[in-house]
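Take a look at the structure below.
Order of listing sets the numbers, starting from 1, for every ligand and every atom in it.
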Amino acid sequence: MTETIKIKELSHFIGGEMIAGQNGRFSDVFNPSSGEVIAKVPLASIEEVKGAIDKAKAAFPAWRDLSVARRADIVIKFRNLLTENMDALIDLICTESGKTAEDAKGEITRGIESVDLAIGAPHLVKGEYSVNVGGQINVYSAKYPLGVVAAISPFNFPIMVPLAQTSMAIAVGNAVILKASERVPMTALFVSELWKKAGLPDGIWTVINGDKDAVNELLRNPEVQAISFVGSTPVAQYIYETGAKYGKRVTALGGGKNNMVVMPDADLEQVANSFIGAAYGAASQRCMAISTLMPVGEETADRLIMILKEKINALKVGAYTDEEVDFGPVISQQSKESVIAAIDKSVEEGATVVCDGRELEIVKESNGFFVGPTLIDHVKPGMDIYEQEVFGPARNIVRVPSLEEAIKLINEHELGNGVTIFTNDGAAARKFTTEIDVGMVGVNVPIPIPVGYHNFAGFKGSRFGEGHMFGPDQARFFTKTKTVSERWLTSSANTGSTFAFPSNND
Ligand code: NAD
């Protein structure tokens, strides 16, 4: 007897309640490990988004006016609920994204770092004060929340990225609307319940599910003051340009094509282990995944490939339910097909496949969206697989003759999210960190994602706008600085009128 899966109909979270979609449009949510549809997520209409914005706007003043200590107290309760519900969160993330449990746990833990930083918001929004700048005049600058702000998130970190985008925004007094990825909406809805349990007032946290119609309303609606976007580069650019046109503050993080440069003096066994985790973890669906290995010198390349071949062929691909698995599926059938097409095209363009993930049994037989670990040698600039972000486990080797050539190629690439160098030569590392035009740089660190209390963002096509994710910059991005000059005259004083521009020399 075949078991029939119960397909859940999901909601939005508006005004502190789960609200069913009114639009009649839905998108399928898959379990990528089995290929089955597990839920239907409503795609909000413009009217539904407007209604959610109105509720957020109405809730904002009371939240802004609450003391910073009371707001921090709610964020602390939320943080504790995240750890108490770790198992349920892992289960949801694995089910809708296909990640392994260990990977999901890592993502939650890193997301909690952003909440920890938000607990310290009172310190980060402290202002500045100057006394007696003119005759009995004091001046202060204070940070005020913006009002209703929106976050639009990608599928590949169902919790870490939304937490990084929204925790500080809430803690400093804004009302936040999250447009979660329609491919992983269940985690965001569960997080909504945790905010409610933590005591967050209704309307301060909203999840609106939807596609580009919902996003476009968030971009255009005059009540939305700021947009925090994380996703692919073409959409990031569109969000930045459209949001700016409608007068919003926008930070839009895009894709990555991250290189690992390997100097001849590096410990190649250590390099191989670092590369494998950073390149194939989460089926390479990380904006900071290593895409391209750049060994310096032919001998370094040949020795490294020998070590890698054996390790890569031993990797286990499968469903998260199997604890032995190193990584799971990609997010969709379409994604699987595009990764395989990228490998095919690289061969047509003259590259050679060292490890072929297209040939695994699970790739051919399973209904899940699996692609095996693939390593492609003799990749060159100009080839599609070098230029484009491939969001799946097809990784490249670009052989370079020198460190200078590696730096030149990396700096010429359109994307500049993360990069790393493996070497024991301090001078080479220093040259690299100084000259490289990439936002997040590692030295003997495979994935240089900064901890939550440092700023996170790439350069070039990996980020549009000036803000950062994670880090103290979030407190700046989600507040506006007001500068107040004030004078309290003693009753006997009378300054009379003056028509000259105030000089403050009196
Ligand atoms: P995506 O760009 O397809 O979608 C991201 C969000 O934008 C989703 O909520 C989606 O609904 C919305 N969206 C998609 N198309 C849109 C359109 N035409 N108009 C308006 N909104 C639209 O990205 P994804 O596939 O969900 O996520 C993977 C991408 O995100 C990769 O490129 C990855 O590198 C990138 N990413 C970057 C970072 C970073 O920090 N730089 C972090 C995580 C993911």
Would you mind writing out a table of all protein N or O atoms found under 3.5 Å from any N or O atom of ligand 1, naming both atoms and giving the distance to 0.1 Å?
| residue | atom | partner | partner atom | Å |
| --- | --- | --- | --- | --- |
| ligand 1 | 2 (O) | Ser232 | N | 2.9 |
| ligand 1 | 2 (O) | Ser232 | OG | 2.6 |
| ligand 1 | 9 (O) | Ser153 | O | 2.7 |
| ligand 1 | 9 (O) | Lys179 | NZ | 3.0 |
| ligand 1 | 11 (O) | Lys179 | NZ | 2.7 |
| ligand 1 | 11 (O) | Glu182 | OE1 | 2.6 |
| ligand 1 | 11 (O) | Glu182 | OE2 | 3.4 |
| ligand 1 | 25 (O) | Arg183 | NH2 | 2.8 |
| ligand 1 | 26 (O) | Phe155 | N | 3.1 |
| ligand 1 | 30 (O) | Gly231 | O | 3.2 |
| ligand 1 | 32 (O) | Glu389 | OE1 | 2.5 |
| ligand 1 | 34 (O) | Glu389 | OE2 | 2.6 |
| ligand 1 | 41 (N) | Gly254 | O | 2.7 |

(request) Examine distances only and state if a side-chain atom of Arg110 and a backbone atom of Ile449 form a donor-acceptor pair shorter than 3.5 Å. (result) yes
(message) Please enumerate all residues that pass ring pair (Phe, Tyr, Trp, His ring centres under 6.0 Å) together with Phe157, with sequence neighbours excluded.
(response) none
(message) Can you tell me how the ring of Phe327 sits relative to the ring of Tyr280, calling it parallel under 30°, perpendicular over 60° and tilted otherwise?
(response) parallel
(request) Determine, for Lys55 against Asp202, whether the closest basic-nitrogen to carboxylate-oxygen distance falls under 4.0 angstrom. (result) no
(message) Once salt bridge (Lys or Arg N to Asp or Glu O under 4.0 Å) is applied, what residue pairs with a partner in residues 279-294 remain, sequence neighbours excluded?
(response) Asp103-Arg286
(request) Would you mind listing every ring pair (Phe, Tyr, Trp, His ring centres under 6.0 Å) that reaches into residues 25-52, with sequence neighbours excluded? (result) Phe30-Phe369
